[in-house]
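Right, one structure below, let's go through it.
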Amino acid sequence: MPTASTTLTPVGRTLITGGASGLGLAVADAVAAAGGTPIVVDLNVEGSAYTAYQGDVTDTRGVEALVARIAEEQGGLDAIVTAAGIDKPGRLDEIPGDVWERVVAVNLLGTVAVVRAALPALIASHGRVVTVSSSLGVRAVSDATAYSASKFGVIGFSRALAAETRGQIGVTTLIPAGMKTRFFDGRTAQYAPGEDANLNDPANVAAAVVFALQSPRGSEVREISVMHEEEPSWP
């Protein structure tokens, strides 16, 4: 029987927001292991092993200018992964408005700003975008209005972006569940996973990101969900 031949896309220059810790750092490590060039954007990049730029994605105009500068300094971009994300769980009437809005600003508006600024470079390289949503972007729970609103928004934005840029760039939405990162640090017991919680290894999620980035030209992974095999929040 004939066998199909596929050529993986080189990973290349990959800008990763939130790339100094957690999932973002795991993605940076995976990109480097795949022969790509990680480019980290984060609030604190001190000690980063990769090319890194300090930036706050909630400063949307500022981060747009930063991404444009990075693309120029790096000679273009081949991919971006929007891994920057925060949460502040609690009931809607208990969370101050500025805190609620910052969650949305980081997770959704920051994602949009970075993608918008990177579009010219990505179109030039026929590159790829991986946006990061969450299992709580498809399944809403109590005490997570800001987080779910932002992550549902990421899915809607990404699907519309994929339709708008079809044939020009690739767009993948990553939908991970809970991971073994510092994301849950500082939470009260009510909102923190227990010691026996089934959390995924961020390295496994990062491997899925690289899989999407390496998808052969003409084939797109539009959405990919990754979680522990006993994850209770899915479906």
Side-chain angles (χ1 to χ4, degrees), residues 6-19 23-24 27-28 30-31 34 36-41 53 55 57-85 104-134 137-138 149-176 205-206 208-226:
T6 59
T7 301
L8 296 180
T9 300
V11 176
R13 299 154 295 185
T14 304
L15 188 155
I16 306 153
T17 65
L23 174 61
V27 170
V31 165
T37 302
I39 305 164
V40 169
V41 173
Y53 296 80
V57 297
T58 66
D59 176 10
T60 49
R61 300 294 82 76
V63 81
E64 286 174 357
L66 175 62
V67 171
R69 177 164 68 88
I70 291 171
E72 181 177 1
E73 292 180 357
Q74 300 301 319
L77 292 171
D78 299 294
I80 61 171
V81 180
T82 59
V104 176
V106 172
N107 299 349
L108 177 58
L109 301 184
T111 291
V112 174
V114 169
V115 172
R116 179 190 292 114
L119 269 180
L122 294 175
I123 290 173
S125 64
H126 199 94
R128 286 193 163 102
V129 172
V130 177
T131 59
V132 180
S133 183
S134 166
V138 293
S150 66
K151 293 301 189 178
F152 269 81
V154 168
I155 290 177
F157 165 71
S158 303
R159 289 179 179 177
L161 179 68
E164 186 173 307
T165 60
R166 185 179 292 116
Q168 296 178 294
I169 66 172
V171 180
T172 299
T173 309
L174 175 69
I175 304 174
V205 182
V209 172
V210 170
F211 170 78
L213 294 179
Q214 290 182 319
S215 183
R217 179 68 65 86
S219 177
E220 292 299 333
V221 180
R222 291 304 192 191
E223 293 185 3
I224 186 167
S225 302
V226 188

Which atoms form the tightest heavy-atom contact between [X] and [Y], and what is the distance?
X	Y	value
Leu108	Ser150	CB-O, 4.0 Å
Ser215	Ser219	OG-O, 2.6 Å
Gly55	Leu66	CA-CD2, 4.0 Å
Gly24	Ile16	O-CG2, 3.7 Å
Ala206	Ala30	CB-CB, 3.9 Å
Ala121	Ala71	CB-CB, 4.0 Å

If you draw a 6.0 Å radius around [atom1] in [X], do more than 12 non-hydrogen atoms from other residues or ligands fall strictly inside?
X	atom1	value
Glu72	CD	no
Tyr53	OH	yes
Arg166	CZ	no

Option from Ile224, Val226, Ile155 for which side-chain contact (heavy atoms from CB on, under 4.5 Å) with Ile175 holds: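 For Ile175, the side-chain contact (heavy atoms from CB on, under 4.5 Å) test succeeds with only one of Ile224, Val226, Ile155, which is Ile155.
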Main-chain N/O of Ala113 paired to Thr60 side chain as donor or acceptor, under 3.5 Å: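 No, the answer is negative, given that no donor and acceptor are paired below the 3.5 Å cut-off.
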Polar side-chain atom of Thr14 near backbone of Gly12 as donor-acceptor pair, under 3.5 Å: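 Such a contact is found between Thr14 side chain and Gly12 backbone.
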Thr111 and Thr131: side chain donor to acceptor below 3.5 Å: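 Looking only at side-chain atoms, Thr131 and Thr111 do not form any donor-acceptor pair under 3.5 Å.
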Euclidean distance, [Y] [atom2] relative to [X] [atom1], rounded to 0.5 Å:
X	Y	atom1	atom2	answer
Thr165	Leu122	OG1	CG	9.5 Å
Leu161	Leu119	CG	CG	6.5 Å
Leu174	Thr82	CG	OG1	9.0 Å
Phe157	Leu109	CZ	CG	10.5 Å

Charged N-O contact under 4.0 Å between Glu223 and Arg159: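 Yes, Glu223 and Arg159 are salt-bridged.
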Check ion pair Glu64-Arg61 (N to O, under 4.0 angstrom):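 The answer is yes: the pair qualifies as a salt bridge.
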Test side-chain contact (heavy atoms from CB on, under 4.5 Å) applied to Leu23 and Val81, step by step: CA-CA 10 Å; Leu23 174 61; Val81 180; over 6 Å; no
Verdict with supporting geometry, Arg222 and Thr172, side-chain contact (heavy atoms from CB on, under 4.5 Å): CA-CA 4 Å; Arg222 291 304 192 191; Thr172 299; over 6 Å; no
Option among His126, Arg128, Arg13 that satisfies the side-chain hydrogen bond (donor to acceptor under 3.5 Å, both in side chains) test with Asp78: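 Passing option: Arg13.
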Intermediate values then yes/no, side-chain contact (heavy atoms from CB on, under 4.5 Å), Leu77 and Ile39: CA-CA 10 Å; Leu77 292 171; Ile39 305 164; 3.9 Å; yes
Side chains of Thr9 and Leu213 in contact at under 4.5 Å (non-hydrogen atoms):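 The answer is no, as the side chains (C-beta and beyond) never meet within the 4.5 Å cut-off.
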Audit row: Asn107, Lys151, side-chain contact (heavy atoms from CB on, under 4.5 Å) steps and yes/no: CA-CA 7 Å; Asn107 299 349; Lys151 293 301 189 178; 4.1 Å; yes
